Amino acid sequence: MSEKAGLISIEQWQQFEKALLFYSHAQDWDKVAKVNTKLVEVLTKAGKPSSPSQLAARQSLAATHKQVLQQLILAKEQLGQEMNQFKQQQDGLSAYQLTSVSGGAYD
């Protein structure tokens, strides 16, 4: 299956797919972004798929890309929730410290 269409082989599309999965599972979003940038560049140069196998490889890659994007969105939402929770805890701690300091003056 080393069919070439333009300059990109089926195996190269699969390598992009594997890289996206590997880095997303590791939650290495910087590497996911780098792979994505290179993928966009290669897709732009490659043009339309020239065979059914090229089309199938790209459809598989597109499905993986969508999955990785959803995983990134979930990770971002979770981080936002954790940051909000941390901020609320910090606000509560600050209020407690303020009341304990001011309350100590009246003892």
Side-chain angles (χ1 to χ4, degrees):
M1 242 184 143
S2 109
E3 173 188 341
K4 293 254 186 187
L7 301 172
I8 306 299
S9 69
I10 302 293
E11 288 81 10
Q12 288 170 312
W13 295 124
Q14 291 170 343
Q15 287 174 354
F16 276 111
E17 194 170 354
K18 287 177 186 175
L20 285 171
L21 287 171
F22 178 80
Y23 292 126
S24 68
H25 288 304
Q27 293 190 350
D28 189 339
W29 305 119
D30 289 334
K31 293 267 175 79
V32 169
K34 287 179 183 178
V35 171
N36 187 65
T37 299
K38 183 67 177 173
L39 176 60
V40 169
E41 182 182 308
V42 170
L43 279 167
T44 302
K45 287 180 184 177
K48 292 183 179 180
S50 62
S51 70
S53 59
Q54 279 285 324
L55 179 60
R58 290 201 202 179
Q59 287 174 333
S60 178
L61 179 58
T64 297
H65 189 271
K66 183 179 179 179
Q67 173 188 345
V68 168
L69 183 58
Q70 289 172 338
Q71 186 179 354
L72 175 60
I73 290 168
L74 287 174
K76 179 183 172 191
E77 289 172 357
Q78 183 178 4
L79 180 60
Q81 289 172 354
E82 289 173 7
M83 290 177 69
N84 284 337
Q85 186 177 24
F86 178 76
K87 184 182 180 324
Q88 289 172 355
Q89 288 172 348
Q90 288 300 103
D91 290 346
L93 180 59
S94 295
Y96 171 77
Q97 288 173 338
L98 183 60
T99 57
S100 71
V101 168
S102 64
Y106 296 109
D107 287 344

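The figures that follow rest on heavy atoms only: side chains count, while hydrogens, waters and symmetry mates do not. Worth saying up front: this structure is predicted, and the values here are computed from it rather than measured.
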In sequence, state the C-alpha distance, the side-chain angles, and the governing distance for R58 and L43, and then conclude on side chain to side chain contact (heavy atoms under 4.5 Å, CB included).
CA-CA 9 Å; R58 290 201 202 179; L43 279 167; 4.0 Å; yes
Between K76 and W29, is any pair of side-chain heavy atoms under 4.5 Å apart?
no
Those residues that, when tested against E82, pass side chain to side chain contact (heavy atoms under 4.5 Å, CB included) (two or more places apart)
Q78, L79
Short side-chain to backbone donor-acceptor contact, Q70 and Q67, under 3.5 Å
no
Counting only pairs under 3.5 Å, give me each side-chain donor-acceptor contact of residues 30-38, with atom names and distances, residues two or more places apart or in other chains.
unit_1: N36; atom_1: OD1; unit_2: H65; atom_2: NE2; d: 2.6
unit_1: T37; atom_1: OG1; unit_2: A33; atom_2: O; d: 2.9
unit_1: K38; atom_1: NZ; unit_2: E41; atom_2: OE2; d: 3.2

Please report the closest heavy-atom contact between S53 and I10, naming both atoms and the distance.
O-CD1, 3.3 Å
Measure across V42 and F16 and return the closest heavy-atom pair with its distance rounded to 0.1 Å.
CG2-CZ, 3.8 Å
Give, for atom NZ of K87 and atom CD of Q85, the distance between the pair rounded to the nearest 0.5 Å.
13.5 Å
Return a table of donor-acceptor pairs under 3.5 angstrom between the side chains of residues 17-24 and protein atoms on other chains or two or more places apart.
unit_1: E17; atom_1: OE1; unit_2: S60; atom_2: OG; d: 3.1
unit_1: E17; atom_1: OE2; unit_2: S60; atom_2: OG; d: 2.8
unit_1: E17; atom_1: OE2; unit_2: T64; atom_2: OG1; d: 2.6
unit_1: S24; atom_1: OG; unit_2: L20; atom_2: O; d: 2.9
unit_1: S24; atom_1: OG; unit_2: L21; atom_2: O; d: 3.1
unit_1: S24; atom_1: OG; unit_2: Q71; atom_2: OE1; d: 3.3

